[in-house]
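Remember, it's a predicted structure, so these values are computed and weren't measured experimentally. This chain uses plain numbering: 1 for the first residue, then up along the sequence.
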Amino acid sequence: MSKRILVVDDEPSIVTLLKFNLEKNGFEVMTADNGIDGYTMAAEGTFDFIILDLMLPGMDGMDVCKQLRQDKISTPILMLTAKDDELDKILGLELGADDYLTKPFSPREVIARIKAILRRTKTENETQVKTDHVIHIGFLDIFPEQYEATYKGEKLDLTPKEFELLLYLANHAGKVLSRDQLLDAVWNFDFAGDTRIVDVHISHLREKIEEDTKQPKYIKTVRGFGYKMEVM
C-alpha cells in the first residue's frame with residue numbers, strides 16, 4: 001500500500017514539481033495551497049507524511065505545525081522555507097517538525113529525506129511496541145510506549161523532539177553525552193554541524209523538570225563536552 005503524503009505550499013510550480021516526483025516514486029499525493037486547508041486536511045485525514053511550507057496564506061507553517069503537535073498528531077513533517085534563516089529552522093524543529101529543507105531544493109533530496117524519516121519513524125514505533133516499561137529517575141517518570149513523561153505525577157507538555165531527547169538521556173543515565181552524539185541520535189540528520197539546537201532543547205527541558213534551572217539536578221552540563229542525565 002502506497003504512503004500518503006500531504007503537500008502544503010502556495011507556489012503552484014513547487015506543488016507540481018513535488019507531486020510529479022513523489023507520484024513517480026510510488027507515493028499518493030494530496031495538496032493544499034494555504035495553511036488553513038492544510039491544517040484541516042492534516043487534522044482530519046490520514047497521512048503518512050506532511051511537506052509543509054513555512055510561508056503560507058491564512059495560517060503560516062509554524063502555526064500549522066504547532067497546532068498539529070498540540071492536537072497530538074505525530075505525522076512526520078518536513079518544513080520547507082525560502083528563508084536561509086537559522087532562527088526559522090530552529091523554531092520549526094522546536095515546534096515539532098522532523099526536518100527542514102531550504103528552497104531551492106532537488107526533488108531527489110526531498111525524497112531521500114522523506115524515506116529516511118519514514119524509516120526512522122518505523123524503527124521508533126517498532127521499538128516502542130517492544131518496550132513495555134517505565135523509566136524512573138527521581139520525580140521523573142518516562143513512558144516510552146505512550147511517548148509521555150510526568151514530573152511529580154503531573155504530565156509534562158513536551159514537543160516530540162523534547163521527549164526523544166529526554167528519553168535518550170534517560171536511557172543513557174550516568175553517561176556523558178556530547179552534543180554531536182545527541183544531535184545524531186535525536187535528529188538523525190546533518191544539521192550543518194550546528195549543535196545549538198541541542199542546547200535550545202536542553203534549556204527547554206530544564207524549564208520543565210528542574211526546580212532551579214541555574215543549578216540543575218537532573219540534566220547536568222559537562223563543560224566543554226556535553227550533558228549527562230544524573231542517576232537518582
Side-chain angles (χ1 to χ4, degrees), residues 50 52 54 61-79 86-100 117 120-121 123-125 127-128 131 133-191 194-214 216-222 226-232:
I50 299 169
L52 180 63
L54 176 64
M62 292 289 190
D63 288 336
V64 173
C65 181
K66 181 179 180 181
Q67 190 59 54
L68 289 173
R69 294 311 188 223
Q70 288 179 347
D71 294 343
K72 307 300 181 187
I73 295 172
S74 59
T75 307
I77 295 174
L78 173 65
M79 190 83 79
E86 180 181 308
L87 183 61
D88 284 331
K89 296 168 186 174
I90 290 176
L91 184 56
L93 292 169
E94 275 187 19
L95 292 175
D98 294 82
D99 202 346
Y100 74 88
I117 293 169
R120 186 177 82 234
T121 304
T123 301
E124 288 172 354
N125 289 340
T127 301
Q128 288 170 33
T131 306
H133 72 284
V134 181
I135 301 171
H136 303 283
I137 299 178
F139 293 112
L140 189 63
D141 293 327
I142 303 170
F143 306 86
E145 63 273 18
Q146 279 93 16
Y147 233 60
E148 293 179 356
T150 62
Y151 180 71
K152 293 185 176 181
E154 295 291 325
K155 183 178 175 182
L156 294 171
D157 183 17
L158 302 175
T159 67
K161 287 303 174 190
E162 286 172 358
F163 178 83
E164 290 173 26
L165 178 58
L166 180 64
L167 179 61
Y168 190 81
L169 286 165
N171 279 331
H172 297 81
K175 296 181 180 179
V176 179
L177 301 167
S178 71
R179 290 173 173 82
D180 285 326
Q181 280 178 284
L182 293 169
L183 187 68
D184 183 62
V186 177
W187 283 268
N188 199 31
F189 68 93
D190 181 11
F191 198 71
D194 189 345
T195 55
R196 280 173 290 182
I197 186 67
V198 175
D199 297 331
V200 169
H201 280 68
I202 290 288
S203 176
H204 286 186
L205 278 177
R206 281 175 170 163
E207 289 173 2
K208 297 173 181 180
I209 67 173
E210 301 285 3
E211 299 291 339
D212 183 355
T213 57
K214 293 182 179 179
K217 293 182 178 180
Y218 288 87
I219 304 174
K220 295 290 185 70
T221 299
V222 180
Y227 299 98
K228 179 179 72 169
M229 174 70 82
E230 289 288 9
V231 178
M232 296 182 184

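Residues passing the side-chain hydrogen bond (donor to acceptor under 3.5 Å, both in side chains) test with Ser178 are Gln181, sequence neighbours excluded. Every residue was checked against the side-chain contact (heavy atoms from CB on, under 4.5 Å) condition with Asp157, not counting sequence neighbours, and none meets it. Every residue meeting the salt bridge (charged side-chain N to carboxylate O under 4.0 Å, His left out) condition with Glu148, not counting sequence neighbours, appears here in chain and number order: Lys155. With sequence neighbours excluded, the residues satisfying side-chain contact (heavy atoms from CB on, under 4.5 Å) with Glu162 are Leu158, Thr159, His201, His204, Leu205, Lys208. Remark: Lys72 pairs with no residue by the side-chain hydrogen bond (donor to acceptor under 3.5 Å, both in side chains) rule, at least two apart or across chains. With sequence neighbours left out, Asp63 forms a side-chain hydrogen bond (donor to acceptor under 3.5 Å, both in side chains) with no residue at all. Residues satisfying the salt bridge (charged side-chain N to carboxylate O under 4.0 Å, His left out) test with Arg179, not counting sequence neighbours, are Asp199. Not counting sequence neighbours, the partners of Tyr168 by the side-chain contact (heavy atoms from CB on, under 4.5 Å) test are His172, Leu177, Leu182, Ala185, Val186. Considering only residues two or more places apart in sequence or on other chains, Lys220 meets the side-chain contact (heavy atoms from CB on, under 4.5 Å) condition with Glu230. Under the salt bridge (charged side-chain N to carboxylate O under 4.0 Å, His left out) criterion, Lys214 pairs with no residue, sequence neighbours left out. Contacts of Glu154 classified as salt bridge (charged side-chain N to carboxylate O under 4.0 Å, His left out), with partners at least two apart in sequence or in another chain: none. Scanning for side-chain hydrogen bond (donor to acceptor under 3.5 Å, both in side chains) contacts around Glu207 gives an empty result, with sequence neighbours left out.
To the nearest 0.5 angstrom, Ile209 atom CD1 is 5.5 Å from Leu140 atom CG. Ile219 contributes atom CD1, which lies 5.5 Å from atom CG of Leu169 (distance to the nearest 0.5 angstrom). Separation of atoms CD1 (Ile50) and CG (Leu78) is listed at 11.0 Å; rounding is to 0.5 Å.
Shown here for Phe143 and Phe163, the closest heavy-atom pair between the two residues is O-CZ, 3.8 Å. Between Gly96 and Cys65, the shortest heavy-atom contact is C-SG, 3.9 Å. Across all non-hydrogen atoms, the minimal contact from Gly61 to Leu52 is O-CD2, 3.3 Å. Across all non-hydrogen atoms, the minimal contact from Ala170 to Ile137 is CB-CD1, 3.7 Å.
Checked for salt-bridge contact, Arg69 and Asp98 meet the test: a charged N lies under 4.0 Å from a carboxylate O.
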Please walk me through it: do Tyr147 and Glu164 pass side-chain contact (heavy atoms from CB on, under 4.5 Å)?
CA-CA 8 Å; Tyr147 233 60; Glu164 290 173 26; 2.7 Å; yes
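In this pair, Phe139 and Tyr151 present their aromatic rings perpendicular. The plane angle is above 60°, beyond the 30 to 60° band.
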